[in-house]
Colleague: 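Okay, here's the structure, questions in a sec.
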Amino acid sequence: MKIVDDLQRRFGSRWTGVKFFFDDSPKGRRYFPKETRFCEAINQSWSSNNLLGRECIICMGANYVFGWEKNIRDRVIENFHKKSNIPLKNAARIVKGLPSMEIAPIAIGLNGGETPDLLVACLQPEQFMRFLNVYQRVFGKKLKVELSGFAAVCGNVAVKAYVDKKVSLSFGCEDSRQYGGIYRDRLAVGIPYGQAQKLI
């Protein structure tokens, strides 16, 4: 995919094109196996598997932010409360503030060749510095971001960039650090396709 190659040449690291399919899923494409996390799939998006569906995703937070399970908010709150030892009231506020899709996609394509909705990468600080410098030269403004340590790559990078149509940023969450290949010297960045085109 040309834009992926262009971003990699300009800023370094590996970029993944993310496409949300709402009407029908592409035929003849391989799905990731069951019990995959979205952040894990991003990290493996250079494999021959490049489609994610509801049946693939094991992560409760991802199922919530992608709209695949509308009635699990209370379970997500309880999970955050117990897993991260967060007071229940604060866990409810965190979940309420998560970006989420109103219409759930039928499938999510990763580096499948079609024009993506957004692009995601895990950048080193110096790579992000170059990205930020180019961003400010092109758009003439500061990059304002909101940060969260929960549902990092799925919600606060992919869904947030798609819904808000602006660059999103995350330092990861426990799961994405453990399963998603976000190493100690990396941070996750998401950028809508239209803005990415202007940066290259």
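As the structure is a computational prediction, the values presented were derived from the model and not from experiment. The chain is numbered in sequence order, starting from 1.
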Colleague: What are the two closest non-hydrogen atoms of Arg10 and Ile200, and how far apart are they?
Modeller: NH1-CA, 3.9 Å

Colleague: Minimum heavy-atom separation for Pro116 to Tyr193, with atom names?
Modeller: O-CB, 3.2 Å

Colleague: When you group the ILVMFWY residues by side-chain heavy-atom contacts below 4.5 Å and let the links chain together, are Ile42 and Leu169 in the same group?
Modeller: no

Colleague: I'd like to check Glu174 versus Arg177 (side-chain heavy atoms, cut-off strictly below 4.5 Å). Are they in contact?
Modeller: no

Colleague: With sequence neighbours excluded, what pairs up with Phe80 under the ring-ring contact (aromatic ring centres under 6.0 Å, His included) test?
Modeller: Phe150

Colleague: So, for Met60 and Ile72, which heavy atoms are closest and what is the spacing to 0.1 Å?
Modeller: O-CD1, 3.6 Å

Colleague: Restricting to non-hydrogen atoms, name the atom on Ala196 and the atom on Leu7 that form the minimum distance, rounded to 0.1 Å.
Modeller: CB-CD1, 4.3 Å

Colleague: Could you tell me the separation between the CG atom of Asn79 and the CD1 atom of Ile86, rounded to the nearest 0.5 Å?
Modeller: 9.5 Å

Colleague: Would you verify whether the NZ or CZ of Arg130 falls within 45 degrees of the ring axis of Phe11 while also being under 6.0 Å from that six-membered ring's centre?
Modeller: no

Colleague: Taking C-beta and beyond as the side chain, do Ile58 and Thr36 meet within less than 4.5 Å on heavy atoms?
Modeller: no

Colleague: Less than 4.5 Å apart, side chain to side chain, heavy atoms only: is that true for Tyr64 and Cys154?
Modeller: no

Colleague: Rounded to the nearest 0.5 Å, how far does CD1 of Ile3 lie from CD1 of Ile191?
Modeller: 8.0 Å

Colleague: With a sphere of 6.0 Å drawn around CG of Asn71, does it hold more than 12 non-hydrogen atoms of other residues, nucleotides or ligands?
Modeller: no

Colleague: Linking I/L/V/M/F/W/Y whenever their side-chain heavy atoms sit closer than 4.5 Å, directly or via other members, would Val157 and Tyr183 fall into one cluster?
Modeller: no

Colleague: Would you be so kind as to tabulate the donor-acceptor pairs closer than 3.5 Å made by side chains of residues 13-20, with sequence neighbours excluded?
Modeller:
from  : atom 1 : to     : atom 2 : distance (Å)
Ser13 : OG     : Cys122 : O      : 2.7
Ser13 : OG     : Arg186 : NH1    : 3.2
Trp15 : NE1    : Gly12  : O      : 3.2
Thr16 : OG1    : Ser45  : OG     : 2.7

Colleague: Under a 4.5 Å cut-off applied to non-hydrogen side-chain atoms, are Val189 and Val120 in contact?
Modeller: no

Colleague: Kindly indicate whether the side chain of Gln136, heavy atoms from C-beta on, has any atom under 4.5 Å from the side chain of Lys141.
Modeller: no

Colleague: Does one side chain, of Arg29 or Asn50, offer a donor that lies under 3.5 Å from an acceptor on the other?
Modeller: yes

Colleague: Starting from Ile108, can I reach Leu118 by hopping between I/L/V/M/F/W/Y residues whose side chains sit under 4.5 Å apart?
Modeller: yes

Colleague: State, yes or no, whether a side-chain contact exists between Phe38 and Val65 at a heavy-atom distance under 4.5 Å.
Modeller: no

Colleague: Where do Lys83 and Asp175 land on the salt bridge (Lys or Arg N to Asp or Glu O under 4.0 Å) test, with the steps shown first?
Modeller: CA-CA 11 Å; Lys83 187 175 178 181; Asp175 281 357; 2.9 Å; yes

Colleague: Could you tell me whether the side chain of Pro105 reaches within less than 4.5 Å of the side chain of Phe21, counting heavy atoms only?
Modeller: no

Colleague: Side-chain heavy atoms nearer than 4.5 Å, only ILVMFWY residues, links allowed to pass through others: does that put Val153 and Leu187 together?
Modeller: no

Colleague: Rounded to the nearest 0.5 Å, how far apart are CG of Leu147 and CG of Asn156?
Modeller: 8.5 Å

Colleague: Checking His81 side chain against Ala91 main chain: does a donor-acceptor pair fall under 3.5 Å?
Modeller: no

Colleague: Working to the nearest 0.5 angstrom, can you tell me the gap between Leu123 CG and Ile182 CD1?
Modeller: 10.5 Å

Colleague: Of the non-hydrogen atoms in Ala41 and Phe32, which two are nearest, and what is the gap between them?
Modeller: O-CZ, 3.7 Å

Colleague: Could you tell me whether Glu126 atom CD has more than 12 heavy atoms of other residues or ligands within 6.0 Å of it?
Modeller: no

Colleague: Do Val167 and Val163 belong to the same hydrophobic cluster, where Ile, Leu, Val, Met, Phe, Trp and Tyr are linked whenever their side-chain heavy atoms lie under 4.5 Å apart, directly or via other members?
Modeller: no

Colleague: Is it the case that atom CD in Glu35 sees more than 12 heavy atoms from other parts of the structure closer than 6.0 Å?
Modeller: no

Colleague: Could you walk me through whether Lys2 and Asp6 pass the salt bridge (Lys or Arg N to Asp or Glu O under 4.0 Å) check?
Modeller: CA-CA 6 Å; Lys2 185 177 185 301; Asp6 289 342; 2.8 Å; yes

Colleague: Please round to the nearest 0.5 Å and tell me the distance separating atom CD1 of Ile57 and atom NZ of Lys34.
Modeller: 13.0 Å

Colleague: Answer yes or no: are there more than 12 heavy-atom neighbours, outside Asn133 itself, under 6.0 Å from its atom CG?
Modeller: yes

Colleague: Answer yes or no: is there a side-chain heavy-atom contact under 4.5 Å between Met101 and Tyr162?
Modeller: yes

Colleague: Does Gly180 offer a backbone N or O that forms a donor-acceptor pair with the side chain of Arg37 under 3.5 Å?
Modeller: no

Colleague: Taking all non-hydrogen atoms of both residues, which atom of Ser176 and which atom of Cys173 are closest, and how far apart?
Modeller: OG-N, 2.8 Å

Colleague: Pair Arg75, Glu69 - check salt bridge (Lys or Arg N to Asp or Glu O under 4.0 Å), show working.
Modeller: CA-CA 11 Å; Arg75 286 170 52 206; Glu69 289 193 45; 3.5 Å; yes

Colleague: Say you draw a straight line from CD of Gln195 to OH of Tyr135; how long is it, rounded to the nearest 0.5 Å?
Modeller: 5.5 Å

Colleague: Between Glu146 and Lys160, is the closest basic N to carboxylate O distance under 4.0 Å?
Modeller: yes

Colleague: So Leu52 and Tyr31, side chain to side chain contact (heavy atoms under 4.5 Å, CB included) or not? Walk me through it.
Modeller: CA-CA 6 Å; Leu52 284 166; Tyr31 280 81; 5.7 Å; no

Colleague: For the residue pair Phe66 and Trp68, does the interplanar ring angle fall in the parallel (under 30°), tilted (30 to 60°) or perpendicular (over 60°) class?
Modeller: tilted

